[in-house]
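Okay, structure first, notes after.
Every value quoted in this text rests on a predicted model; they were computed, and no experiment measured them. Letters A, B, ... mirror the listed sequences (proteins, then strands); counts begin at 1. Side chains included, hydrogens not; waters and symmetry mates left out as well; all remaining heavy atoms used.
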Amino acid sequence: MTELPPQYNPQDVEESRYKWWDEQGLFHADPGPKRTPYTIVIPPPNVTGILHMGHALNNTIQDILIRWRRMQGFSALWVPGTDHAGIATQNVVEKALAKEGKRRQDLGRDAFIRRVWQWKEQYGNTILYQLKRLGSSCDWRRTRFTMDEGLSEAVTAVFLELYRKGLIYRGSYIINWCPRCQTALADEEAPRQQTQGKLYHIRYPLEGEGSGAKGEGAVSPPTLRPSPAFIEVATTRPETMLGDTAIAVHPKDKRYKALIGSYAILPIVNRRLPIIADDAVDREFGTGAVKVTPAHDPVDFQLGRKHKLEFINVMTDDARMANVPEAYKGLDRYDCRSKLIVDLEQGGFLGAIDEHAHNVGHCYRCGTVVEPRLSPQWFVKMEPLARPAIKAVKDGVITFHPARWTKVYLNWMENIQDWCISRQIWWGHRLPVYYCSKCARGSGLGARGKGSQLPASSPQPPAEGIIVSKSKPTKCPTCGSTDLKQDEDVLDTWFSSWLWPFSTLGWPEKTKDLACFYPTNTLVTAQEIIFFWVARMIMAGYFCMKRPPFTAVYIHGTVRDITGKKMSKSLGNIIDPLDIIKQYGTDALRYTLVTATAIGQDVFLSEERFAAGRNFANKLWNATRFVLSTARGSGLGARGSIDQPPVPSPQPRTLSVPDRWILSRLQRTIERVNGSLEKFLFNEAATTLYDFLWHDFCDWYLEVSKIQAVAGRQSQVTSNRVLVQVLETSLRLLHPTMPFVTEELWQHLTRATGDMRPATKGAPSSIMVAPWPKADKKLVDAEAERLFEQLQGVVTAIRTTRAELNVPLESRPAVRLAASQAAVRSFFEAHRPLLQALAALGTVDVGAARESPPRAGSRRATKDSGAGKAKDAAAMVVDGVEVFMPLAGLIDAGKERSRLQQRVDELTKQLSGIEARLKDAQFTAKAPKEVVDQTKERHAQIQETLKKFSDHLALLQSM
RNA sequence: GGGCGAUUAGCUCAGCUGGUUAGAGCGCAUGCCUCACAUGCAUGAGGUCACAGGUUCGAGUCCUGUAUCGCCCACCA
């Protein structure tokens, strides 16, 4: 056994230890009937991902759960993998291409896709390597990618099945369109920028109010003398008025109430526009009346659907006017705007023009103002899918932690919108949809974005010429034509990740893995993707598997910097987990992340906090060094001294009070850690162990053991056994949180003491598969805890006084202790050497408490002067003068008793009062039912509390 | 506008179903290189638990309101 260096250096152990775990196959889980499965699927990071603190927190939590369950004996499987992340990945590769001066169009679709795969092979596993640095114990043999063959098959299978059941349909949708790049943009690709614009007020004459307009197409050219009876609307984009098909007002708006249901006339075009009512209209803004252009505005689009309005597309791909009166045809959108302003002015339709700042989407690539645009897309009808997913959560089949997310989830699910699943990019799962050019001729289906005017909003019977098929059909089933083209679009990234919990286990094949590990147990993720991912997985789980994908969802907080901002590159406030690992070690990173976050609360991080984790690891390292050295010194090494694995309990009769105390504290720690982990209170589990190990074990027990070691052979051996047992057990408890340092120390400790053999023959001996500690109720020892606390109280009191009086260590003052309890007195007498050593004292006399403490010559009197009562106190002789000090711990025992007694008395009295009232027939007969119920409830409550207090009191009195 | 969260020591935060004297880490002060650890040990200072009401024998904890900060969603036509 090599000597451990006095400082823990994580760099020396982490990478090689991880490799060893992996080589030993410790991350692998086999499906089998022998053990209960416990499964987690990773939220697949983007292949383009670079590890950030969010990942670090997310994966640390998953790893804690999986390591904990693995040690508990579950067949614990953590499925890793990555997401193809359509747009993000395509962008990365496009950027690389741009450096060569090429665009993806220059390569063509197939070559570009090949290029993306190349990129993926080369860089796509970066994030997975980084997860390994975190210590994640994923089963890497099962690593999946959302565009794997198997997963792609799953995607197609689901699409086909949804289509067969009428849950997939084609319809129109508003997308962001860049007229310059000629491409559709995702919302995140069209960031909104504060822009100074103008708000134009336009007057629409009311029909039948004596204006020139008397109905559709009745007046042409537009009248130059509008009636004073008009409705005024406001817009920032006047050119879109050419596509208006309604005017909307708020249903409760008094100004317009009378107009609802009547019509206005669209100036210039002279179209009849119904005046409709909708809550979405803001009465305060502008004039309170809104022009509705369903084909050119997202909100208007929704209104258009809801009120079944006409959708008129008035622009071409490059944002020139089309489908409009001759005078405007072909004009650029801004030229059209200028011309319209002039024409409206001339026609007397123009009201005020106000300055107006608003947020406008701009193309992330060229900065052009994007144009919302109607476009044919594919949708999933969600409502039928949502029903079982709502029920599962309402029935508690799936639970959210913290519970408050349940409401958020249900609220969204109950108002669910259909899901637009088609994306106009190249990287992704291509839609299994084919068009027959012959059948589809003239319907415009093959051509995207040429001003489609079909506002389908519900499932439609399969249109002619559309074939949904697993692979390309040889000919059109309707007309027999062989001229078939696959849809150009790919599916939304989430369309593959919503299948993740079962597609990674082999679905649609019926695999052993699927039978064993599905449904999974816990899903760990952040709040941002509850809708995108969590909700959809639940729906897919019920649709495909008829069972929930998981039973618990743990939502952790967002990692923020110290000022509360989200960490992001552009803000420059990133703390890179890999830097922290390098500087402080992985365990420090994990410990700090976990302790920094209470359940579901956001995490605020500053770099200094990681030092605490590093220090803790180092503390453990040195505690183990000490325990090893004593084990060697007492001949405990080279096995034999400890007989039965895991670690036998030392013989109770040889145990001292401190031995019993630390063992008792250990049992409580085990229970607390278990309870915390069950409730997802990872911070509590970690700090419980920190407090126990640092303060109870190192600060007190370790020091005590040094003294016990010199007291005699027997106590030395016992003490060493206890040291080994407590430390070894604690390391196991801490392993899920701090895997590396615990494994390292556990290896040294078990090898030196020879007490740990693999549970299964032939299995590698690793803390990863060592049994999870169980609390031994027999070792819970309230008496020992009480007595040792007395000792701590005395030692602390003496140390405090010494510090205040500046008594140097070398001068070892004599002390007289006065204790009122006989048990405490005999304990002190038996542990005199302990007191002497821990408080650096000379002689220690123990006597009964006196009626009143002597005052003569005292420099420091007790503040408390409850004369006549026995006082627990200590008198220390400093420079020939006796200094008296109250013993806080001892006095409190008495104080607490009387306080408790008082409470018990109070409660008893109250209880009998309530009982009397409940027995009173008049009360129960006459009082309202709720009052009686309330009284009963109160009765039960007090009874429970009383019992708690009485038990505590009885315990105190028994000592 | 809708929803949610927070407000506890100088700083960053714990405090689960109400019940001993409200805790930790960092920082600060004092004394210690005590043979596991100076990434350490001992001791200490520092809190009207945002504010105002209420429920209760008892409130940091539960209820109502106010103020401030923050997040998510929708969005100013």
Separation of [X] atom [atom1] from [N] atom [atom2], in whole Å?
| X | N | atom1 | atom2 | value |
| --- | --- | --- | --- | --- |
| A:Lys407 | B:rG2 | NZ | C1' | 12 Å |
| A:Lys679 | B:rA14 | NZ | P | 17 Å |
| A:Leu689 | B:rA24 | CG | C1' | 15 Å |
| A:Phe531 | B:rC4 | CZ | P | 12 Å |
| A:Ile202 | B:rA77 | CD1 | P | 13 Å |
| A:Phe610 | B:rG25 | CZ | P | 18 Å |
| A:Arg802 | B:rU43 | CZ | C1' | 12 Å |
| A:Asp696 | B:rA24 | CG | P | 13 Å |

- Message: Need to verify one output field. Residue with the more 5' nearest nucleotide on RNA chain B, A:Thr236 or A:Asn411?
- Response: A:Asn411
In whole angstrom, give me the gap between the [atom1] atoms of [N] and [M].
| N | M | atom1 | value |
| --- | --- | --- | --- |
| B:rU64 | B:rG47 | C1' | 26 Å |
| B:rU55 | B:rG3 | P | 28 Å |
| B:rA59 | B:rG19 | P | 11 Å |
| B:rA42 | B:rC37 | C1' | 15 Å |
| B:rU12 | B:rC75 | C1' | 35 Å |
| B:rC57 | B:rC49 | P | 22 Å |
| B:rC33 | B:rA52 | P | 50 Å |
| B:rA22 | B:rU48 | C1' | 13 Å |

Go through the structure and list residues passing ring pair (Phe, Tyr, Trp, His ring centres under 6.0 Å) with [X], not counting sequence neighbours.
| X | value |
| --- | --- |
| A:Phe626 | none |
| A:Tyr200 | none |
| A:Phe616 | A:Tyr591, A:Tyr690 |
| A:Phe682 | A:Tyr554 |

- Who are the salt bridge (charged side-chain N to carboxylate O under 4.0 Å, His left out) partners of A:Glu684, not counting sequence neighbours? A:Arg672
- Taking only residues two or more places apart in sequence or in another chain, which ones pass salt bridge (charged side-chain N to carboxylate O under 4.0 Å, His left out) with A:Arg812? none
- Message: Looking at A:Lys706 and A:Glu703, is any side-chain nitrogen of the basic one under 4.0 Å from a carboxylate oxygen of the acidic one?
- Response: yes
- Item | Pair A:Glu371 + A:Arg237, salt bridge at N-O below 4.0 Å | yes
Nearest to the [X] side chain among [options], which nucleotide is it?
| X | options | answer |
| --- | --- | --- |
| A:Arg672 | B:rU43, B:rA77, B:rC16 | B:rC16 |
| A:Arg799 | B:rU43, B:rU39, B:rC16 | B:rU43 |
| A:Thr800 | B:rU43, B:rC16, B:rU39 | B:rU43 |

- Message: Is the phosphate of B:rC41 approached by A:Trp694 (side-chain N or O, under 4.0 Å from OP1 or OP2)?
- Response: yes
- Could you list the residues that satisfy side chain to side chain contact (heavy atoms under 4.5 Å, CB included) with A:Ser730, not counting sequence neighbours? A:Leu666, A:Phe692, A:Leu693, A:Val726
- Query: If you look at every strand shown and take non-hydrogen atoms under 4.0 Å, does A:Thr796 touch a base, only sugar-phosphate, or nothing?
  - Reply: sugar-phosphate
- Message: Using a heavy-atom cut-off of 4.0 Å across all strands, would you classify A:Val299 as base, sugar-phosphate, or nothing?
- Response: sugar-phosphate
- Note on the structure: Symbol by symbol from the 5' end, with Watson-Crick or G-U pairs under 3.5 Å, [ ] crossing and | another strand, RNA chain B is (((((((..((((.....[...)))).(((((.......))))).....(((((..]....))))))))))))....
- Message: Is there a side chain to side chain contact (heavy atoms under 4.5 Å, CB included) between A:Leu309 and A:Ile276? Walk through the geometry before answering.
- Response: CA-CA 10 Å; A:Leu309 302 173; A:Ile276 58 172; 4.3 Å; yes
- Message: For a 4.5 angstrom cut-off between non-hydrogen side-chain atoms, does A:Tyr8 reach A:Asn622?
- Response: no
- Any chance you could list the contact pattern along nucleotides 26-36 of chain B? Use B for base contacts, S for sugar-phosphate-only contacts and - for none, protein heavy atoms under 4.0 Å, 5' to 3'. --------B-B
